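Written out below as structure tokens is the structure these notes cover.
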Amino acid sequence: MSRYFRAKVVSNLPLNKKSNLLTLRPLERAKNPEPGQFYMIEVGNSYDPLLKRPFSYFRKTSEDIQFLYAVRGKGTLLMKDFMEGEIINIIGPLGTGYPKPSRGYIAVLIGGGTGIASIFSLAERLTKNAYILHGAKCREELLAVNELKSLKGESFICTDDGSFGEKGTTVEILEEILTQNSRLKTQNLIYACGPRAMLEAVSKLAADKGIKGYFSLVEYMACGFGACLGCAVKTVHGYKRVCKEGPVFPIEEIVW
Amino acid sequence: MSRYFRAKVVSNLPLNKKSNLLTLRPLERAKNPEPGQFYMIEVGNSYDPLLKRPFSYFRKTSEDIQFLYAVRGKGTLLMKDFMEGEIINIIGPLGTGYPKPSRGYIAVLIGGGTGIASIFSLAERLTKNAYILHGAKCREELLAVNELKSLKGESFICTDDGSFGEKGTTVEILEEILTQNSRLKTQNLIYACGPRAMLEAVSKLAADKGIKGYFSLVEYMACGFGACLGCAVKTVHGYKRVCKEGPVFPIEEIVW
Amino acid sequence: MDLTVHIGNLKLKNPVMTASGTFGYGEEYSEFINLNRLGAIVVKGISLEPMEGNPPPRICETPCGMLNAIGLQNIGLKRFLGEKLPYLRKFNTKVIVNILGNTIRDYIRLAQALEDERVDGIELNVSCPNVKKGGIIFGTDKKMLGRLISGVRKSIKKTLLITKLFPNTSNIHEFAKIAEDSGSDAISLINTIPAMAIDIEIWRPKLANITGGLSGPAIRPVAVRMVWEASRAVKIPVIGIGGTMNSDDAIEFMLAGATAIQVGTANFLNPKSTVEIIDGIEKYLKKKGINNIVDIIGALCYA
Amino acid sequence: MDLTVHIGNLKLKNPVMTASGTFGYGEEYSEFINLNRLGAIVVKGISLEPMEGNPPPRICETPCGMLNAIGLQNIGLKRFLGEKLPYLRKFNTKVIVNILGNTIRDYIRLAQALEDERVDGIELNVSCPNVKKGGIIFGTDKKMLGRLISGVRKSIKKTLLITKLFPNTSNIHEFAKIAEDSGSDAISLINTIPAMAIDIEIWRPKLANITGGLSGPAIRPVAVRMVWEASRAVKIPVIGIGGTMNSDDAIEFMLAGATAIQVGTANFLNPKSTVEIIDGIEKYLKKKGINNIVDIIGALCYA
Ligand SMILES: Cc1cc2nc3c(=O)[nH]c(=O)nc-3n(C[C@H](O)[C@H](O)[C@H](O)COP(=O)(O)OP(=O)(O)OC[C@H]3O[C@@H](n4cnc5c(N)ncnc54)[C@H](O)[C@@H]3O)c2cc1C
Ligand SMILES: Cc1cc2nc3c(=O)[nH]c(=O)nc-3n(C[C@H](O)[C@H](O)[C@H](O)COP(=O)(O)OP(=O)(O)OC[C@H]3O[C@@H](n4cnc5c(N)ncnc54)[C@H](O)[C@@H]3O)c2cc1C
Ligand SMILES: Cc1cc2nc3c(=O)[nH]c(=O)nc-3n(C[C@H](O)[C@H](O)[C@H](O)COP(=O)(O)O)c2cc1C
Ligand SMILES: Cc1cc2nc3c(=O)[nH]c(=O)nc-3n(C[C@H](O)[C@H](O)[C@H](O)COP(=O)(O)O)c2cc1C
Ligand code: FES
Ligand code: FES
């Protein structure tokens, strides 16, 4: 069961102007991913672009692996052209995912933008005592809204411009939640993935309130499996590889 | 009416295991090509492959330009993936095509393999006194057999292994034709495009019999419109550009 | 919006020039673009006598690049002046002539003849990797380079003198400094990188000349680094060359320290590249709210 | 079919090695391929003391290539010997250790310690472009390079000594010759080419280190040319490195004169690259009816 395998594109559906839902079916036996893990996806068959691109898995069904991706640069632009039936090479599952919350903890999950992909994989596993926050700039950039509704935990959706859900940022909602169940605040456990600005704000809030948690970080990657040392991020224990020790790190260990 | 224009893929149909018929519709007003001219076709939208690839036009219909191409390397492999509706950049018509035979001359046209594309554009214009020879290794590699039948001139088809048409090479048929109408042999005029070995053999035959004619040559090209000097071939008048002074050269001027 | 840049005494209406050897003598592109729009046209390298160039094959493709060994084929000074320069003169675009010789005397004679004809600038090709006798020794030998440049400098009065540098060195800043100290008004870099490809079916080099020069997007990161290093070493303007395919690439070179850029291989893929780059730069500046292009030259921020 | 090649006193079961810094300490690939199949494993550059490396971002992509400025992050000699070497020893594959130091003494201490542990070979990294204090001056200064190599040579007995050369020079054959004359058993080339990329949105270098080393298919034509030049200048074996993605590329290097090749960046795209290259070479030789791989080394035909 190799983590380097071929997969067939089952579908590649646009969710909004910028993002697609990609469903891949492994053609070989593949390992099951844990929440927060990711895959390196081949975006084309020339050497330009050269490297595979990292994507958190969004959902694992019995046969397929699903990804939510936004078009950002030339690699993701090529991914938009993936056609049903096309066969691509992928590597995964990779990295160290989210540790499960211990008993009694209330998990607060925050997915900013495409960060929801990584968060969703965890959200699906949590049966209770979970809040799931998803935010985006505007209605058109929200993702997986219906899927979020189907979760067991309580989900909150917000947009910067108020065009859907609450008007405001996930950080504002987080603050509210923490205030509401303030007696238990140190029993909250934050899980977040999203833009750097969001993570920094959440990190400050967490530090202020003495709440622990985990962030999934992004960094440019060449290999994705620990060999190139290209994806280093600074932690209190020195440089760590986002692709191996991460992408999930305890909030308090991250050096911004 | 720029020779650099966008065109839409109307169809891209496999003719046999190795070759396709590509039909492009210019999206801007485009010049009409002359027999023997060619186009530079963009094969992909990354920089690998980098350069456009040269292809003789096979047929010009009122709206479309058609090409016959064989898959040889990575550029033509990408061309096989051209999908209906796709838009690509092309440059052309380029180069100097075949001069028309003067009155009284019997044109003998020879297209070896995909060389038939270039030859066909001339064959279509000739109404009488023309022989058209097309050869390939085997039945599966013959091209445009039906289209050849519809021509006004007399056409001969041969395969090295005899799996279709006459068994033998175009050069052998050429010899027969020249022997049959030997009285007029200096009034024969040869036009040929095909593999180098074929052209060298035809060239020898033509020299022996004192027959004039024209070859369409191939050379690697970067620009196709005379700017890079990359496509030089040796002629008795020094290096000439295949893309500008050629691809068609008088047989006797070519230095092998 | 002001796209004007100055290279020595030349005022260019925009920083987009053509790279020698990739734009013929300009004519080949006149059906595709309005030549008046270019900052400058740098023509194919000219020698005193016509050169017939290398045998074919002269080019081949490599990943994101191409090799060429044209062998400096050119029509020679006389025919250039008689047949090509008059045509170029018709346009409101600066004409810079890339020259090459075997000796300092050759370069001087070329430069003087071109100054007499009032071309706008001379680019010394001391760096072409394709001919053994050619400029190459000047390009890799610091002393010779200094002597060549000062020789040419003294022999001409006011014509802009650009030295085009050879990329194959570990200390490009030293060569840049020598060019400056010897009287060059500007430097341009990089020329192609010596390279080679082999056809593994027939066990032969893909180029008849065995080696050739690598150009195209593949070399851009090397070129940007060299432009950055060179521009920090000298006060004269630096012209960035190497794999510029679009306006983003042009801007990258300018942020690294280039005052102007030359477009080479891109012209082959898309003969309209130069004007599309000019348009793209304008759009970028507008988006960024910058009125004067000189504000981005060397504007790279650190840490 | 015989794929065996000899590098100095080492007999490799095939010519496919891994390039330092792209294969970790081997372990990272053990789940993807059978490490026993490799000709040799060259591990990430080791220094006497652990190095923490450069701040991020450390890599970025360029056309058909990538830049890296890892900054020679490594766990240091002691932990390498304690934690990594025992693992590698379990395989029937030669282990070559890439080493780097600030002084000749550093290199000698590393080499001696590694010889004591009976590693199969030592590759001198005199050419890493990413750290100021590191080996770079050895790589571009002929005298220093000679002194370094003879110093190390004298300090070890029989361990294979490979010198890895710096590509940024106009005379690679001279560096190759110095390596040979100073007692190197083989040379390997090329290391990455110093390069740079800029994010034009934020006007900052894409790498925190500003410059980095270019690797990948983009550089292959440059590497093949240098291997060809170097292999004609020396009698010791040359190991070809740079943009080998598949067996065709490996064969290209060997035809140019390489006795073995190293696979670098390709491992990141496809962790099975090395074994697929071995299989591909075998297939190629079969198709060509060649029984012994040494028959293709330097077999390039001219004219
Ligand atoms: C562990 C991990 C999980 C990820 N999961 C997802 C996901 O589920 N959905 C999703 O849409 N995106 C995800 N990303 C980000 C995704 O990898 C990048 O958007 C993608 O690589 C961009 O490729 P490109 O070629 O389109 O962009 P490029 O042309 O390479 O660059 C365009 C822009 O994208 C950003 N970018 C490029 N590469 C990366 C990278 N490796 N990490 C972060 N940003 C990058 C840069 O800001 C750059 O300016 C994840 C990244 C990591 C590291
Ligand atoms: C004026 C002209 C007209 C042509 N017309 C046709 C045509 O109508 N139909 C057709 O199928 N082909 C035609 N060709 C050949 C066609 O251009 C090449 O087959 C094509 O460029 C190969 O591209 P590739 O990327 O697939 O091959 P590459 O990967 O570049 O190379 C694969 C092989 O193709 C051959 N090749 C590559 N480029 C050229 C080239 N420019 N000229 C000749 N051989 C080349 C080489 O032998 C090489 O080994 C023509 C060539 C020229 C110069
Ligand atoms: C086909 C070709 C011919 C060239 N001829 C010359 C020349 O005559 N003189 C010169 O100085 N540079 C010449 N060059 C180098 C280019 O001017 C330029 O420096 C190089 O191609 C890098 O830029 P690019 O990557 O944009 O092409 C030539 C390049 C190519 C591709
Ligand atoms: C991420 C990375 C790290 C590298 N680290 C080292 C190193 O520690 N020592 C060394 O000698 N070369 C190092 N190299 C250079 C490679 O060994 C090789 O020479 C270069 O990448 C060219 O080969 P390629 O194009 O196949 O990658 C490194 C290259 C990369 C891409
Ligand atoms: S991406 Fe290579 S080590 Fe993390
Ligand atoms: S292909 Fe450029 S001159 Fe002919």
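Basis for what follows: all heavy atoms, side chains included, without hydrogens, waters or symmetry-related copies. In what follows, chains carry the letters A, B, and so on, assigned in the order in which the sequence lines appear, proteins first and then strands, with residues in each chain numbered from 1. Here the structure is a predicted model, which means the values were calculated and not measured.
- Heavy-atom pairs under 4.5 Å with chain C were tallied for B:L51, B:V233, B:D48, B:I91; the largest tally goes to B:L51.
- With hydrogens and angles disregarded, no donor-acceptor distance shorter than 3.5 Å links the side chain of C:R58 to the backbone of B:C231.
- Between B:A222 and C:M66, the closest heavy-atom pair is CB-CE, 3.8 Å.
- Within a 6.0 Å radius of CZ in B:R6, no more than 12 heavy atoms belonging to other residues, nucleotides or ligands are found.
- By the ring pair (Phe, Tyr, Trp, His ring centres under 6.0 Å) test, B:F67 pairs with B:Y39, sequence neighbours left out.
- Counting heavy atoms from C-beta outward, C:N270 and B:N89 have side chains that stay 4.5 Å or more apart.
- Counting heavy-atom neighbours within 6.0 Å of B:K74 NZ, excluding the residue itself, gives a total above 12.
- Looking at C:Y25, there are no atoms closer than 4.5 Å to chain B (heavy atoms on both sides), in backbone or side chain.
- Heavy atoms from other residues, nucleotides or ligands lying under 6.0 Å from CG of B:N45 number 12 at most.
- Few gaps surround NZ on B:K60; more than 12 heavy atoms of other groups in view lie less than 6.0 Å from it.
- Put simply, OG1 on C:T62 and CG on B:L50 are 8.0 Å apart, with the number rounded to the nearest 0.5 Å.
- Heavy-atom neighbours of B:E28 CD from other residues, nucleotides or ligands within 6.0 Å: above the threshold of 12.
- The closest side-chain heavy-atom distance from B:R53 to C:E61 is below 4.5 Å.
- Between B:C228 and C:F268, the shortest heavy-atom distance links the atoms CB-CZ, 3.3 Å.
- Residues C:P56 and B:Y239 are in side-chain contact: their nearest non-hydrogen atoms beyond the backbone lie under 4.5 Å apart.
- Residue C:L67 holds its CG atom at 12.0 Å from OH of B:Y220, rounded to the nearest 0.5 Å.
- Side-chain contact between B:E219 and C:P57 is present, with at least one heavy-atom pair separated by less than 4.5 Å.
- Counting heavy-atom pairs closer than 4.5 Å to chain B, the top residue among C:G65, C:P63, C:C60, C:A218 is C:G65.
- Between C:L269 and B:E42 the shortest side-chain heavy-atom distance does not fall below 4.5 Å.
- When each of B:M40, B:K244, B:R3, B:M221 is scored by its heavy-atom pairs under 4.5 Å with chain C, the top score falls to B:R3.
- Residues C:E31 and B:S2 have side chains not in contact (no heavy-atom distance under 4.5 Å, counting atoms from C-beta outward).
- Listed by chain and number, the residues in a ring pair (Phe, Tyr, Trp, His ring centres under 6.0 Å) with C:F32 are B:F225 (sequence neighbours excluded).
- Atom CD of C:E49 sits in a sparse spot, with 12 or fewer heavy atoms from other residues, nucleotides or ligands closer than 6.0 Å.
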